Q: 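For reference, the structure I am asking about is given below.
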Amino acid sequence: SQKIEQNSEALNIQEGKTATLTCNYTNYSPAYLQWYRQDPGRGPVFLLLIRENEKEKRKERLKVTFDTTLKQSLFHITASQPADSATYLCFDTGRRALTFGSGTRLQVQP
Amino acid sequence: DTAVSQTPKYLVTQMGNDKSIKCEQNLGHDTMYWYKQDSKKFLKIMFSYNNKELIINETVPNRFSPKSPDKAHLNLHINSLELGDSAVYFCASSLGTAEETQYFGPGTRLLVL
């Protein structure tokens with residue numbers, strides 16, 4: 001079965017730096033890979049979607065890349081701010097699979 | 001206007017009881033979902049309905065039964081609650097499936113004593 005693995009439980013960076021979060025999948029390439037943000041006590045909120053045949057997607061300070069050779073997606077937040085502190089989840093929503101990664105908790109220090 | 005709402009927000013109950021969680025979406029979406037988030041914050045799909053038809057039914061004890069009276073509502077009934085059912089349950093909806101963005105409710109925090 002598909003497993004979605006995200007790097008480390010917590011990532012601490014300084015304000016203004018670029019945060020890079022990793023999402024690896026084990027079996028088949030997700031047809032669609034979505035990234036969500038979850039704040040404590042709240043439901044996940046959609047950020048970006050990247051399709052299997054796409055290499056990169058951008059939205060303001062956010063960028064997602066997809067490398068089917070490495071079986072990996074990277075999620076970047078440039079010029080990070082303390083308000084970006086949250087848990088970020090990658091989510092395989094293709095081929096009738098709905099599989100979330102375990103999430104990476106990002107802490108941006110002022 | 002809340003897009004996806006759930007009631008109740010908190011639910012504390014005794015083992016063996018039967019309880020229901022309700023979900024409503026006002027986005028006009030065709031697909032609704034139930035997820036369980038455990039104490040380690042891992043989110044796992046339980047059920048998905050498209051136009052009131054069950055399309056995803058993961059390995060979930062049959063004590064859990066979803067019911068969709070119409071496209072805007074998806075309720076979750078849990079019979080004979082067990083300690084291990086304690087978790088946060090999230091409802092979500094999307095316009096279609098697979099490629100579509102999912103909109104999540106605020107969650108229902110269930111504690112079984």
Side-chain angles (χ1 to χ4, degrees), chain A residues 1-11 21 23 25 28-54 57 59 62 64 66 73 85-107, chain B residues 2-10 21 23-25 27 29 31-50 53-60 66 74 87-111:
Chain A
S1 61
Q2 179 80 306
K3 286 188 180 175
I4 305 290
E5 297 166 344
Q6 296 188 243
N7 66 328
S8 69
E9 285 197 9
L11 179 64
L21 286 67
C23 176
Y25 54 92
Y28 52 83
S29 175
Y32 312 104
L33 195 69
Q34 302 189 26
W35 283 86
Y36 285 74
R37 168 185 174 141
Q38 187 175 23
D39 291 284
R42 293 181 175 268
V45 174
F46 173 78
L47 296 174
L48 279 171
L49 177 148
I50 189 163
R51 295 175 182 81
E52 184 180 20
N53 61 355
E54 295 176 325
K57 273 285 198 51
K59 179 182 174 183
L62 309 180
V64 175
F66 201 170
S73 174
S85 299
T87 296
Y88 291 84
L89 302 160
C90 66
F91 187 25
D92 172 5
T93 63
R95 299 183 172 87
R96 295 183 63 84
L98 293 175
T99 307
F100 270 102
S102 52
T104 298
R105 187 158 44 88
L106 174 66
Q107 187 69 39
Chain B
T2 304
V4 181
S5 58
Q6 296 179 228
T7 53
K9 190 168 183 178
Y10 299 96
I21 307 172
C23 178
E24 176 181 2
Q25 53 95 2
L27 297 168
H29 287 168
T31 308
M32 296 186 72
Y33 313 82
W34 277 110
Y35 292 88
K36 178 180 180 180
Q37 189 167 44
D38 60 25
S39 56
K40 294 184 179 178
K41 308 298 183 187
F42 188 63
L43 263 168
K44 191 169 181 182
I45 182 70
M46 298 174 72
F47 303 103
S48 174
Y49 270 75
N50 180 261
E53 182 183 341
L54 183 65
I55 57 170
I56 293 178
N57 184 1
E58 291 295 312
T59 308
V60 175
L74 180 62
V88 182
Y89 292 85
F90 286 101
C91 176
S93 73
S94 64
L95 191 59
T97 57
E99 186 174 358
E100 303 294 337
T101 299
Q102 293 192 19
Y103 294 81
F104 283 78
T108 295
R109 284 140 191 85
L110 171 65
L111 178 60

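Just the heavy atoms: all of them, side chains too, but no hydrogens, waters or symmetry mates, feed the values below. None of the values given here were measured: they were computed from a predicted structure.
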Q: Within this structure, what is the CZ-CD distance for the pair A:Phe46 and B:Glu100, rounded to the nearest 0.5 Å?
A: 9.5 Å
Q: What part of A:Leu33 is in contact with chain B, defined as an atom under 4.5 angstrom from a non-hydrogen atom: side chain, backbone, both or neither?
A: neither
Q: Under 4.5 Å, counting heavy-atom pairs only, tell me which of B:Lys44, B:Gln6, B:Lys40, B:Arg109 racks up the most with chain A.
A: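 Top option by heavy-atom pairs under 4.5 Å: B:Arg109.
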Q: What pair of heavy atoms forms the shortest contact from B:Phe104 to A:Tyr36, and how long is it?
A: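 Minimum heavy-atom separation between B:Phe104 and A:Tyr36: CE1-CE2, 3.9 Å.
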Q: Hey, could you give me the CG/OG1 distance between B:Leu43 and A:Thr99, rounded to the nearest 0.5 Å?
A: 11.5 Å
Q: Name the region of B:Tyr103, side chain, backbone, both or neither, that has any atom closer than 4.5 Å to a heavy atom of chain A.
A: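 Answer is neither: B:Tyr103 stays 4.5 Å or more from chain A.
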Q: Between B:Gln37 and chain A, which part of the residue has a heavy atom less than 4.5 Å away: side chain, backbone, both or neither?
A: side chain
Q: Does A:Glu54 have any salt bridge (Lys or Arg N to Asp or Glu O under 4.0 Å) partners at least two apart in sequence or in another chain, and if so, which?
A: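 Applying salt bridge (Lys or Arg N to Asp or Glu O under 4.0 Å) to A:Glu54 gives A:Arg51, A:Lys57.
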Q: Between A:Phe91 and B:Gln102, is any pair of side-chain heavy atoms under 4.5 Å apart?
A: yes
Q: List the atom of B:Tyr33, the atom of A:Leu98, and the distance in Å for their closest heavy-atom pair.
A: CE2-CD1, 3.6 Å
